[in-house]
Amino acid sequence: MSNSIEAFFEEIGRFFRMLWQVLVWTPRRPFDGRQWLLQMVRVGVNSLPVVLLTAMFTGMVMALQTTSTLQRYGAERYVGSLVALSMVRELAAVLGGLVIAGRSGSAMGAELGSMRVTEQIDALEVMATDPVHYLVVPRVWATVFMLPLLVALSDAIGIWGGYVVSVLLLGTNPVAYMETTFQYMEFSDLFSGLVKAAFFGLLISIIGCQQGFYARGGAAGVGRATTRAVVFASIAILISDFFLTKVLF
Amino acid sequence: MTEATVKIRIRDLHRAFGTKVVLDGVDLDVEAGSSTVIIGGSGSGKSVFLKHVIGLLTPDRGSVEVDGVTVHQLRGTDLTRFRRKFGMAFQEGALFDSMTVADNVAFPLRRLGSIGRDEVDDRVRECLALVHLDGVGDKMPAELSGGMRRRVGFARAIAHRPEILLFDEPTTGLDPVTKASIDELIIDFRESLQSTLVIISHDMGSVFRTADKVAMLYEGRIIVHATPRELLTLEDPRISEFLRRDLETWATPP
Ligand SMILES: Nc1ncnc2c1ncn2[C@@H]1O[C@H](COP(=O)(O)OP(=O)(O)O)[C@@H](O)[C@H]1O
Ligand SMILES: [Mg+2]
C-alpha cells in the first residue's frame with residue numbers, strides 16, 4: 001500500500017518535472033518547424049474522422065434522450081439549447097480528450113517508450129540534443145493547439161447531429177430548433193469548452209511523453225507505458241474536468 | 001604510466017538504482033590511444049559504467065575525468081563541447097527509426113556543428129564507405145539486418161571524428177563471421193582515427209582481437225586490469241568462471 005502511494009507521488013513529481021522542462025525548453029533554439037508541423041498533422045488531421053464521428057453521434061443521442069425527458073415536462077422546445085450547451089461546455093471537450101488520449105497519448109507513450117528502451121533517447125543526448133526539446137516540446141504544443149480546434153469542429157458537428165435527429169426524426173420545426181439552440185448560448189460557454197480542451201491537451205501529451213520517457217524493460221515496458229499513458233490521461237481528464245467546471249463555470 | 005597519457009580517469013565510482021548497488025567503487029585509467037575492453041557478466045553494470053563515462057548518468061559518489069575535466073560537473077555549452085570528443089555506438093545500434101540511414105549518420109554532424117553544411121553529405125558517404133555500406137543511405141533502419149544496423153551505428157559514432165569511441169557490446173547477438181568483421185572495423189577505426197577506444201564485450205574472441213587492456217567488472221568493481229595474455233595466466237576463480245562460460249557459448253552453436 002505505501003508502495004503504491006509512493007509510486008503515485010513519483011508519477012506526480014515526474015509530471016511537474018516534465019512540464020517544467022517543456023516550459024524551459026520551449027523558447028530555446030533550434031526551432032524544429034518540421035517536427036511541430038508533423039505532430040500537428042498527426043494529432044489534428046489524422047484524428048479528425050474519429051473525433052468528429054464521436055461528436056456527431058453524441059449530438060444525435062443527446063437529442064433523442066433530452067427530447068424524451070423534456071417531453072415529460074412539456075419543455076421539448078428547449079432540446080436544441082440543451083444539446084448545444086452540453087456539447088459546447090462539456091461533451092465535445094471531454095469526449096474529444098478521451099479519444100485523443102486513446103489515439104495520440106498512447107502513440108506518444110509507445111513511440112517514446114520504444115525510443116527509450118532501444119537507447120535512441122540516450123543517443124540523442126550523446127549527440128548534444130536534449131530529448132525533451134527535440135521530442136516532447138513539439139508533441140505537447142501540437143496537442144495543446146490542435147485539441148481546441150478539434151473540439152470547436154466537434155461543437156459544430158454535434159449541434160448539427162442533434163438538429164438532424166430532431167428535425168428529420170422527431171419532426172421538430174427547424175427554425176424554432178435553431179433559434180433555441182443559440183438563444184441561451186454565450187461566448188463564455190464556448191470559451192470554457194475550448195480552455196478545457198487546451199488543458200486536456202496538455203495533460204494528454206505530458207502524461208503520454210512522461211510514460212514513454214520513463215519506460216524500462218524491453219517490449220513489455222513499452223506496452224506498460226502505452227497502457228498507462230491512456231489510463232492516467234483519461235483519469236486526469238475526468239478528475240480535472242470537475243475542477244475546471246467549478247472554476248470556469 | 002605518466003600523467004599525460006591518461007585520457008579517462010575513473011575514481012571510486014559509485015552508483016545505485018534504488019537499493020540495488022550497481023557500481024561499488026570503480027577505479028580505472030584509460031590511456032590515450034589505447035583500446036580497453038570491459039568484460040563482465042550480463043547485468044553486471046557495464047552499460048551503466050559506460051553511461052557514466054559519457055555523462056548520461058551522474059554518479060552517486062566518485063568521479064569520471066576526461067582530459068582532466070570532471071564529467072558530471074559540466075553543463076550547457078561546456079557539456080556540448082565535451083560530448084564532441086565522444087562517439088558512442090549503442091548496443092543494438094540505437095538508430096533513429098524515423099530517419100533514413102544518411103540522416104542518422106548526418107545527425108551528429110548537424111547537431112554538434114563540427115563541419116560546414118555543404119560538407120555533411122560527403123562526410124556521410126565517406127563514413128558509410130568506411131563501414132562497407134556504400135549506397136544504403138536512402139534506406140530506413142528497419143530495412144537493414146542486425147549487423148548492418150550496428151555498422152550504421154558505427155558510422156554515426158565516427159562521423160564527427162571523435163577522440164574517444166565507446167562501443168557497447170558491438171558484437172553481441174551476431175554470427176561469428178559478422179563478429180569478426182565488426183572487430184576488424186573497430187581495429188581499423190583505431191588506426192585511421194587515432195582514437196581512444198573503450199569497448200564493452202561479452203566475447204573473448206573479440207577481446208583478443210581488439211584489446212590492449214582488459215578490465216573485468218565484477219560486483220560493482222574492476223577486479224582485473226591486464227593485457228589479454230596476462231588475463232589467461234591469472235588464477236582467479238571469478239575470471240576462470242567467466243572464461244569457462246564463454247567457452248560454453250562457443251561450444252553450443254546458436
Ligand atoms: N535506469 C535504470 N534504472 C534502474 N535500474 C537500472 C537502470 N539502468 C540499469 N539498471 C540496472 O543496473 C544493472 C546493470 O545494468 P547494465 O549496466 O545494463 O548491465 P550490463 O552489464 O548487462 O550492461 C541491471 O540490473 C539493471 O537492471
Ligand atoms: Mg549492457
Side-chain angles (χ1 to χ4, degrees), chain A residues 2-3 6-7 9-10 13-14 17 21 24-25 27-39 41-42 107-108 110-136 138-139 142 209 212-219 221-222, chain B residues 17-18 43 47-48 50-58 71 74-99 103-114 141-142 146 149-150 152-153 156-157 159-160 162 164-166 168-169:
Chain A
S2 75
N3 248 340
E6 222 170 88
F9 281 107
E10 189 172 25
R14 286 173 177 176
R17 204 182 130 82
Q21 281 182 298
V24 167
W25 277 101
R28 295 198 190 165
R29 282 159 53 81
F31 174 76
D32 194 347
R34 249 188 59 204
Q35 266 299 319
W36 282 60
L37 199 68
L38 179 74
Q39 297 304 332
V41 168
R42 289 174 64 180
M108 291 174 201
E111 224 176 331
L112 269 58
S114 79
M115 289 188 75
R116 166 61 76 195
V117 303
T118 58
E119 297 183 304
Q120 291 178 52
I121 290 182
D122 289 328
L124 282 175
E125 215 168 318
V126 163
M127 292 184 275
T129 303
D130 185 89
V132 170
H133 189 212
Y134 188 75
L135 297 171
V136 183
R139 283 172 169 78
C209 291
F213 230 71
Y214 289 95
R216 272 178 44 70
V222 178
Chain B
F17 293 102
S47 298
V48 169
L50 212 59
K51 284 175 186 173
H52 279 87
V53 172
I54 200 168
L56 280 172
L57 291 172
T58 316
V71 176
L74 295 170
R75 297 282 178 278
T77 51
D78 290 339
L79 187 60
T80 306
R81 208 170 309 127
F82 166 80
R83 292 250 161 91
R84 217 171 272 165
K85 290 184 194 209
F86 284 91
M88 180 155 178
F90 288 89
Q91 202 155 334
E92 305 284 339
L95 303 181
F96 303 126
D97 36 35
S98 59
M99 294 179 201
D103 283 337
N104 263 283
V105 179
F107 195 89
L109 299 171
R110 298 195 173 119
R111 286 284 164 162
L112 296 166
S114 37
R149 269 204 293 277
R150 295 209 202 179
V152 175
R156 189 175 68 179
H160 61 289
I164 305 167
L165 276 170
L166 308 178
D168 195 350
E169 305 205 13

Q.
So, using ring-ring contact (aromatic ring centres under 6.0 Å, His included) as the criterion, who are the partners of A:Y214 when residues are at least two apart?
A. none
Q: Could you tell me which residues satisfy ring-ring contact (aromatic ring centres under 6.0 Å, His included) with B:F17, sequence neighbours excluded, listed by chain and number?
A: none
**Q.** Under the side chain to side chain contact (heavy atoms under 4.5 Å, CB included) test, residues paired with A:E10 that sit two or more places apart
**A.** A:R14
Q | Atom group of A:I121 that falls short of 4.5 Å from chain B, counting heavy atoms | A | neither
**Q.** Spatial distance of atom CG (B:N104) from atom CD (A:Q120) [nearest 0.5 Å]
**A.** 8.0 Å
Q.
Distance check, rounded to the nearest 0.5 Å: A:D122 atom CG versus B:L57 atom CG?
A. 7.5 Å
Q: Taking the six-membered ring for Trp and the full ring for Phe, Tyr or His, determine whether the centres of B:F107 and A:Y134 are under 6.0 Å apart.
A: yes
Q) Hey, which of B:R110, B:R156, B:H160 has the most heavy atom pairs under 4.5 Å with chain A? A) B:R156
Q | Heavy-atom pairs under 4.5 Å with chain A, option from B:A94, B:A157, B:S98 with the top count | A | B:A94
Q | Which atoms of B:L95 approach chain A - backbone, side chain, both or neither, heavy atom under 4.5 Å | A | backbone
Q) Do the side chains of A:T118 and B:E92 get nearer than 4.5 Å, heavy atoms only? A) no
**Q.** Pair B:K51 + A:E125: basic N to acidic O under 4.0 Å
**A.** no
Q | Residues of residues 82-90 of chain B with any heavy atom under 4.5 Å of a heavy atom in chain A | A | B:R83, B:M88, B:F90
